[in-house]
Amino acid sequence: MDSDKEIELLKKALERQKKARQQAEKILEQKSTELYETAQRLKEANGTLENLLTEKVSELDGVFVNIIDPYVVMDLQANVIKMNTSAKEFLGYDNTKEDVNLTGLVHADYLQYTAESFKYLLEVGTLKNYRAKINVKSGDEKWIEINSSLIYNTKQEPMGAQGIIRDITQEMEIKELLAHQRRQLDIIVENSPLGIVLSVGGKIIKANNTFTELLGYSEGELKTMALNDFSKVEEGSPSDDIIVQMKKGKKDKAVVIKRYFKKGGGCLIAKTSVSAVRGGDGKLKYLLAMIEDITREREAEERLNYERKKYANIIANMNLGLVEVDTEDIIRLVNQSFCNMSGFKEEELLGKKGTDILQVQNRSVLENEDEKRMRGESDSYELEVIDKSGEKKHWLVSGAPRYDNNKNLIGSVGIHLDVTKQKLLEHQKEQLVKELEQSNQGLQEYAHIVSHDLKSPLRSISALATWIQDDYKDVLDETGQQNLELMQEKVASMDKLIHGILEYSTANDSTLDNSSVDLNEVVEKIKESIFIPDHVALVVPEVLPTIVADRTKMHQLFQNILSNAVVHIEKEIGLVEVLFIENTTHWQFSIKDNGVGIPKEYHKKIFEIFQSIGANERSTGIGLSIVKKIIDRYEGEVWVESEKDMGTEFHFTIKKEINNLNS
């Protein structure tokens, strides 16, 4: 507003200066007329009057020299013949010391205009309000206005021109500033995100693009309408009351919430800020309205209120206990579930200090969590609390800080879950696990004892059969010899079965001796230890990886699968391959053979203990169940792909990371 006042003062100063210059121009014109009339009279007078003419010319020259504004006389080629002191100071040139051509001072943008103006001067004899930009000697650019007339000789032939130069630089700068500000204001108004409307007497005289886009009306259509034709006050004073108050000078601003109806149907809710625009006399001239579309905000508020009510009902009726406390631990809000959990009524809790009324056993945990809330941290923790009846409860609490609208910490909120029953179940589970571990340990010891106790009579039976066969080989017939050999085979099968049961019982041993295991070495040792028929080849096409695992368990795993593969091949040329691929989290191994295959109905059954396919005497039905238990220990999977007479592919995976595999 200060800059507006300055501009107004400058305008008034320019007006006063303009009037003074116009008065000087009138004086110049009057004196020029007198000079011309005097010259005419002198032509008819005798020589004695020439002295009087000379005196008049000298008197007129004195008037020109003393004019405030710059005064210049030039010939018809624009060369300066005479200039007063003001002209010398303004232009920076002195015609008595240097040649001055006025055309050379004109700015390049105004040369064409100057040529046309000079032509007009020659034709008409006078030139008024010539305005152009010139370059003075100092290099500055100046705006000038010239009023000029021709000078004639005694034959009424033009011999030069004279004119007064007005410096209008400041005036032009003010006009340019005003025009620039007006353009800026127009840009701001047209590009404002707010609708802007200027009205008089309820009629719209100006509306920006935003407002027309909001309602769908063109500016021309709006100018034929009154504001009340398409708007209605929702909140605030009626529009007519506001106008009356502003006309009386009692109010300059007002804010109302209005509903605006669109041209194509529908409506919007807008915050409308109305300002009074007054004239110099203080009377109301216009109403300026700023319209901000708040439809989405209102819809969001309605949804928020709905959600607030909905969640308030949920909180009030949820099974989780809710407590809000301030920074001094004073309880400000509880729901019914918390009252049920603690045994206290709502009125017994509100306004009380939480740590005073609730008997927290592990108070250090609560103090530590309170410090976290003060730092703005959320966390979950467990509290041991004595409720109102004296019963010990276990609560799982999820706590978070509470803030006001200015993001200042005002307390905390806690959601409480009563896990007393779960804690009891966990305790029972721990007891059962301990008992189960003891039972497993006893079973393993029992398995070792039984294995030893069963193998001892087997060895005795085997020795007796051998002695009988050696001592009575000349007495026993062929049938007797065959029966003794059959007995030895059954003893060997029984020994193998006992060994398998022992291995199965220890497959889930709680401790794994994990280390780097080269699986190529494991397969080579297995080749040396198992029976491989002459027509079967066991090959490893690619070098197997070195993995971190229990070497004994890996030996059991590969041996049980490979020993099954090599003995179930009836083709003339048998082939068993050990392959692998590396995945992100697991190693995947495949053992393929071209044997008799396994019917689909047995694909899952074969991994159960004492389940075998066919009548092979070498199979105990334990080997693949041991495989399954070992792979489970390494968080892997095992499956088979096979069809009868089409060969078999055993696939299994072993987890790379072994951090939790000992549990």
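Computed from heavy atoms alone, side chains included, the values below leave out hydrogens, waters and symmetry copies. Just so you know, these numbers come straight off a predicted model, no measurement behind them.
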* To do: Would you mind telling me which of R259, K271, R298 makes a salt bridge (charged side-chain N to carboxylate O under 4.0 Å, His left out) with E234?
  => R259

* Give me the ring orientation class for Y260 and F230: parallel if the planes are under 30° apart, tilted from 30 to 60°, perpendicular past 60°. => tilted

Determine the minimum heavy-atom distance between [X] and [Y], stating which atoms define it.
X: L76; Y: F118; value: O-CZ, 3.4 Å
X: A270; Y: I291; value: CB-CG2, 3.4 Å
X: E219; Y: T212; value: N-CG2, 3.9 Å
X: N583; Y: K656; value: O-NZ, 2.7 Å
X: E382; Y: V365; value: O-CG1, 4.0 Å
X: V255; Y: S273; value: CG2-OG, 4.0 Å

Do [X] side-chain atoms and [Y] backbone N/O form a donor-acceptor pair below 3.5 Å?
X: N208; Y: L194; value: yes
X: N335; Y: L320; value: yes
X: N406; Y: N408; value: no
X: N95; Y: V100; value: no
X: N101; Y: Q77; value: yes
X: D293; Y: L268; value: no
X: H586; Y: Q588; value: no

Contact between [X] and [Y] at the side-chain level, heavy atoms closer than 4.5 Å - yes or no?
X: H107; Y: N135; result: yes
X: Y93; Y: L102; result: no
X: Q162; Y: S149; result: yes
X: L127; Y: I146; result: no

* Between E157, Q156, K155, which is the residue that forms a side chain to side chain donor-acceptor pair (under 3.5 Å) with N153? -> E157

* Structure fact -> Distance col, row K97:NZ vs K88:NZ, nearest 0.5 angstrom, shows 8.0 Å

* ring-ring contact (aromatic ring centres under 6.0 Å, His included): pairs with one or both residues in residues 125-149, sequence neighbours excluded -> Y110-W143, Y113-Y130

All salt bridge (Lys or Arg N to Asp or Glu O under 4.0 Å) counterparts of [X], not counting sequence neighbours:
X: K258; answer: none
X: R402; answer: E324
X: E221; answer: K263
X: K372; answer: E369, D379

* Can D69 and R166 be said to form a salt bridge (Lys or Arg N to Asp or Glu O under 4.0 Å), step by step? -> CA-CA 6 Å; D69 287 326; R166 287 179 52 211; 5.3 Å; no

Could you go through residues 241-252 and list every donor-acceptor pair under 3.5 Å that involves a side-chain atom there, pairing it with any protein atom two or more places apart or in another chain?
unit_1: D252; atom_1: OD1; unit_2: R278; atom_2: NE; d: 2.8
unit_1: D252; atom_1: OD1; unit_2: R278; atom_2: NH2; d: 2.9

* Asked: With a 3.5 Å cut-off and no angle check, do the side chains of E213 and N209 form a donor-acceptor pair?
  -> no

